[in-house]
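Order of the sequence lines fixes the chain letters, A, B, ..., with proteins taken first and strands second; residue numbering starts at 1 for each chain. In this text the structure is predicted, and so the values were computed from the model without any measurement. Side chains are part of it too, since the values below use all heavy atoms of this structure and drop only hydrogens, waters and symmetry mates.
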Protein chains: 2
Amino acid sequence: MTLSLRQRRRLETARDIQKATLELAISHGLENVTTEEIAASAGVSTRTFFNYYSNKEAAAIGVPPGFREEDKDALRQGTASLASDLKLFLDRHMGRLAADEAVLRMVGSVLRSNEKARGILDGFLASERHELTECLCARVNDRQVAAALASNATNATERAISLWEQEENLSLVAALDIIWEGVMSAARLLTAASE
Amino acid sequence: MTLSLRQRRRLETARDIQKATLELAISHGLENVTTEEIAASAGVSTRTFFNYYSNKEAAAIGVPPGFREEDKDALRQGTASLASDLKLFLDRHMGRLAADEAVLRMVGSVLRSNEKARGILDGFLASERHELTECLCARVNDRQVAAALASNATNATERAISLWEQEENLSLVAALDIIWEGVMSAARLLTAASE
DNA sequence: GCATAAATTGCACACCATGCAAGGATCTGG
DNA sequence: CCAGATCCTTGCATGGTGTGCAATTTATGC
């Protein structure tokens, strides 16, 4: 086995706490739930709750999946057009997010009403954006351009998730397709008749 | 006079509290400053502090200037290329932000280290993005494309501010020029050899 | 097994944020 | 200029948040 008993238990309680947080948040609203209630519902002491997460908003968000090294490598070394390589990268990442749709939907609901939670996620997204910028520097040789592309990409992901939340019967990857189409149209509009 | 004594005083104390918050945050870090200290420094009671702002992060951010109706009208009814009309719009907005550079710099410093503050600002930016999306719908007739353009625009503003914070001797509008160049290059790269 | 490291917990404490009610300042119309 | 309405400020009480510390229990590696 690759994980020790201690490590497995740690991951397990972390998940238990997040699960308890999200369930209580969905039924009563995160603002109206105390850390004490969450801890009790997860079967740990209040003090232990704070050993895992620094506050209830962080507990609700948990640890979102980051980019995979393999995917980043593929993007850096891709030989197709930048647009299609980038789309492929986002598709893979989105596929990973889709693995936990239930959690994603609950987290989204919390984010809509809680400022603090948004801030925590925003910090996480900022570091993802930075990571992607570094990665894209291997393709474009200009940091500002790489940053613009990375912003486009992470924004597209966010908007795709938001679209998926609104529309029933629309998968995450299908939502990303729609959003990406918009991104490409916007790029064409911006370049049209300029210069 | 257009404002009553009451209204003027209200604006004034709101500014006093923000000023006190930012000054204390700069010298000690917002985390290490209590609402009690801020209130005392602003010359009001703790209770009054909370009558103006719901927490110290909101007090630090204050009320950022939103988009002007005149600028939005100009964007909706613009006849030049979309890219240049949008750039003009952003330039005007940035000029307005530049009017209070000192505050902007202090707020930026707070945002870098405070999650809750980021979340509050992010909520504000989301509503600005939404506003801009509505506005752009008058130009592009497709909501997803408008949303992509609006994201590009607000992201460019954020990155321009961040660049301005890093580089000494670079004005806000000059920073926006650099960032915008990157946005346009990115758009060209995305459209190149695709389709 | 046994020493070591890590996890859990209770407790104390400072800080945050809100409701309520009393008192003071400002505004409005006569 | 004054009386009532309205808004603003404040103190107080209260419940929730988050951290430091020390004691106890539970894995781990030798």
Please enumerate all protein N or O atoms sitting under 3.5 Å from an N or O of nucleotides 7-9 of chain D, with distances to 0.1 Å.
unit_1	atom_1	unit_2	atom_2	d
D/dC7	O4'	B/Arg6	NH1	3.3
D/dT9	OP1	B/Tyr52	OH	3.2
D/dT9	OP2	B/Tyr52	OH	3.1

request  = Give a yes/no on whether any side-chain N or O of B/Lys116 is located under 4.0 angstrom from OP1 or OP2 of D/dT17.
outcome  = no
Distance in angstrom units between [X] [atom1] and [N] [atom2], rounded:
{"X": "A/Glu36", "N": "D/dT17", "atom1": "CD", "atom2": "C1'", "answer": "11 Å"}
{"X": "B/Phe50", "N": "C/dC20", "atom1": "CZ", "atom2": "P", "answer": "17 Å"}
{"X": "B/Asn114", "N": "C/dC16", "atom1": "CG", "atom2": "P", "answer": "12 Å"}
{"X": "A/Leu11", "N": "C/dA7", "atom1": "CG", "atom2": "P", "answer": "11 Å"}
{"X": "B/Phe49", "N": "C/dT18", "atom1": "CZ", "atom2": "C1'", "answer": "14 Å"}
{"X": "A/Leu24", "N": "D/dG16", "atom1": "CG", "atom2": "C1'", "answer": "16 Å"}
{"X": "A/Ile38", "N": "D/dG18", "atom1": "CD1", "atom2": "P", "answer": "10 Å"}
{"X": "B/Glu37", "N": "C/dC15", "atom1": "CD", "atom2": "P", "answer": "8 Å"}

task = State whether A/Lys72 and A/Glu134 are salt-bridged, where the test is any N-O pair (Lys NZ or Arg NE/NH1/NH2 against Asp/Glu carboxylate O) under 4.0 Å.
result = no
message = One thing to verify: whether B/Glu12 and B/Arg9 come together as a salt bridge, which I'm taking to mean a side-chain N less than 4.0 angstrom from a carboxylate O.
response = no
message = Given 3.5 Å as the limit, does a donor-acceptor pair link the side chain of A/Ser162 with the main chain of A/Glu158, or not?
response = no
inquiry  = Donor-acceptor check, side chain of A/Ser54 to backbone of A/Phe50, threshold 3.5 angstrom: yes or no?
reply    =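 Checked: no pair found.
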Side-chain donor-acceptor contact under 3.5 Å, [X] with [Y]:
{"X": "A/Asn114", "Y": "A/Arg118", "value": "no"}
{"X": "B/Thr133", "Y": "B/Arg143", "value": "no"}
{"X": "B/Thr157", "Y": "B/Thr154", "value": "no"}

task = Assign A/Ser54 to base, sugar-phosphate, or nothing according to its heavy-atom contacts below 4.0 angstrom with the strands shown.
result = sugar-phosphate
task = Report yes if a donor N or O on one partner sits less than 3.5 Å from an acceptor N or O on the other, where the partners are the side chain of B/Arg47 and the base of C/dG19; otherwise report no.
result = yes
